[in-house]
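The next block holds one structure in the form of structure tokens; read it before the comments.
This one's a predicted model, so the numbers in the text were calculated from it and none came from an experiment. Every heavy atom of this structure was used, including side-chain atoms; hydrogens, water molecules and symmetry mates were not.
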Amino acid sequence: MTLRIGWFTTARGPGSRAMFEAVRDAIEAGAMDAELAFVFCNRERGEAEATDSFLDLAAQGGTPLVTRSSVYYRREVGGTLSRPGEPLPAWRLEYDRLVDDDLEAHPFDIGMLAGYMLILEREFVSRHAVLNLHPALPTGPAGMWQAVIRQLIREGAEESGVMLHRAIAEVDEGPVVAYCRYPLRDPELEALREQLPGPPAELDDAALDASELFAAIRARGVAREAPLVVATLAEFAAARRRVEGPLILDASGAPAEPADLTGPVNAQLA
């Protein structure tokens, strides 16, 4: 049975576009038995040039395009902005309910958050299986990508990675579905580490963020995002993984262990 993928994005930059193009190209090449059931964007045309460009791209391929501006809705109802570490404001639940209504005509088997800048409400992720990207291995670190890279540098980590986990109400705590690894202590990065203006543990965030080492680690992670998304969705399309209620099961029907897809990801990069 063809896998129906629901695509969620804010489409702010090249990373989300690259992930979409990689999945679309894999489907068109016959590399996975899947279809894009829809593209949902929480921006509407006219809000941002980058988003408009992405919407044009999605429309060209004939994928159903659904948009509902979260900013316009928040202003319409007089809602407050979400704050990190605090419960989502009430309008966010109502917004996600409207999105769910919008998508009723486009059923999907699994959703992919690709540069989607909203946290999904509890009701939505209880009804739908949705995957979220995190720029680290299942063992961590947690947090935004900037904080992840700073911690990796300060701790002298041997490796890092990218993972996909199921989105649940608790942010970034859903079960890991798949991941890939990449090294952090090879000659290229060691040479950049030696260029740091001091011991990593003693440098402030600004100094680390401005370093070539920081940029190189970020580039390694970003390069693996689209290949990991493709490889993971291919697992579902080939029925090596499937969704059943709150569970991700393997081909035998047992709860699936996180899949180490480093090999397939490296093959795509090559």
Side-chain angles (χ1 to χ4, degrees), residues 4-13 15-17 19-20 36-52 54-55 58 63-136 140-148 163-177 229 243-248:
R4 298 170 299 184
I5 302 167
W7 198 265
F8 296 81
T9 186
T10 306
R12 300 196 309 172
S16 55
R17 185 184 183 108
M19 284 185 275
F20 176 80
L36 288 161
F38 62 83
V39 168
F40 175 78
C41 184
N42 67 306
R43 284 178 174 173
E44 296 175 14
R45 290 190 183 276
E47 289 190 65
E49 184 177 341
T51 303
D52 288 354
F54 177 89
L55 296 179
T63 301
L65 188 58
V66 183
T67 62
R68 179 179 288 273
S69 172
S70 54
V71 171
Y72 292 168
Y73 181 76
R74 175 177 58 81
R75 291 173 178 171
E76 177 185 332
V77 300
T80 59
L81 290 170
S82 304
R83 297 184 182 279
E86 296 183 5
L88 293 176
W91 70 268
R92 285 289 291 104
L93 175 58
E94 295 305 320
Y95 175 82
D96 278 6
R97 286 173 173 170
L98 291 172
V99 172
D100 214 1
D101 290 343
D102 293 338
L103 299 177
E104 189 172 357
H106 308 287
F108 62 105
D109 302 309
I110 196 160
M112 181 66 224
L113 302 178
Y116 190 65
M117 303 311 294
L118 295 180
I119 297 170
L120 291 174
E121 258 286 359
R122 182 180 301 272
E123 285 186 9
F124 195 96
V125 293
S126 296
R127 285 192 296 270
H128 303 292
V130 183
L131 302 181
N132 187 44
L133 193 70
H134 181 66
M144 296 293 290
W145 63 267
Q146 296 94 332
V148 167
M163 70 176 178
L164 284 171
H165 63 88
R166 185 162 179 176
I168 61 174
E170 292 73 29
V171 178
D172 288 343
E173 295 185 16
V176 178
V177 176
V229 170
V243 176
E244 188 169 304
L247 301 175
I248 303 292

Using a 4.5 Å cut-off on heavy atoms from C-beta on, say whether the side chain of Tyr95 contacts that of Arg74. no
CH2 (Trp7) and CZ (Phe20) are apart, to the nearest 0.5 Å, by 7.5 Å
Under the 3.5 angstrom rule, does the side chain of Tyr73 hit a backbone N or O of Trp91 as a donor-acceptor pair? no
Heavy-atom check, side chain of Ile248 versus side chain of Pro175, under 4.5 Å: no
How close do Thr10 and Met117 get, heavy atom to heavy atom, and via which atoms? OG1-N, 2.8 Å
How many angstroms lie between atom CG of Leu88 and atom CG of Leu81, to the nearest 0.5 angstrom? 12.0 Å
Give, for atom CZ of Phe8 and atom CG of Leu118, the distance between the pair rounded to the nearest 0.5 Å. 11.0 Å
Looking at Ser69, is its backbone amide N or carbonyl O close enough to the side chain of Glu44 to form a donor-acceptor pair, meaning the two atoms are under 3.5 Å apart? yes
Closest heavy-atom pair and its distance - Val130, Met112: CG1-N, 4.5 Å
Looking only at atom types and distance, does a side-chain atom of Arg166 sit under 3.5 Å from a main-chain N or O of Pro246, one as donor and one as acceptor? yes
What's the separation between atom CG in Asp52 and atom CZ in Arg45, rounded to the nearest 0.5 Å? 6.0 Å
State, yes or no, whether a side-chain contact exists between Val77 and Glu94 at a heavy-atom distance under 4.5 Å. no
Phe124 backbone acceptor or donor facing Asp96 side chain under 3.5 Å: no
Measuring from His165:NE2 to Leu133:CG, what's the distance to the nearest 0.5 Å? 8.0 Å
Atom of Ala58, atom of Leu65 and distance for their closest heavy-atom approach: CB-CD1, 4.2 Å
Give a yes or no on whether the backbone of Ala114 and the side-chain of Thr9 come within a donor-acceptor separation of less than 3.5 Å. yes
Donor-acceptor pair, His134 side chain versus Pro141 backbone, under 3.5 Å? yes
Answer yes or no: are there more than 12 heavy-atom neighbours, outside Arg83 itself, under 6.0 Å from its atom CZ? no
Can you give me the closest heavy-atom contact between Ala37 and Pro64, atom names plus distance? O-CG, 3.4 Å
Please tell me if the side chains of Asp102 and Phe38 come closer than 4.5 Å, counting only heavy atoms from C-beta onward. no
Nearest 0.5 Å, what's the CG-OH distance between Asn132 and Tyr116? 11.5 Å
How about CD on Glu49, more than 12 heavy atoms from neighbouring residues, nucleotides or ligands closer than 6.0 Å, or not? no
Sequence-distant partners of Thr51, side-chain hydrogen bond (donor to acceptor under 3.5 Å, both in side chains), two or more places apart: Arg43
Between Cys41 and Leu55, which heavy-atom pair has the shortest distance, and what is it? CB-CD2, 4.0 Å
Would you say Asp109 and Ile5 make side-chain contact, with heavy atoms under 4.5 Å? no
Under the side-chain hydrogen bond (donor to acceptor under 3.5 Å, both in side chains) rule, collect the residues that match up with Gln146, sequence neighbours excluded. none
Measure across Trp145 and Pro135 and return the closest heavy-atom pair with its distance rounded to 0.1 Å. CB-CG, 3.6 Å
Do the side chains of Asp101 and Arg97 get close enough for a salt bridge, i.e. N-O under 4.0 angstrom? no
Worked verdict on Phe40 versus Phe108 for ring pair (Phe, Tyr, Trp, His ring centres under 6.0 Å): CA-CA 12 Å; Phe40 175 78; Phe108 62 105; over 10 Å; no
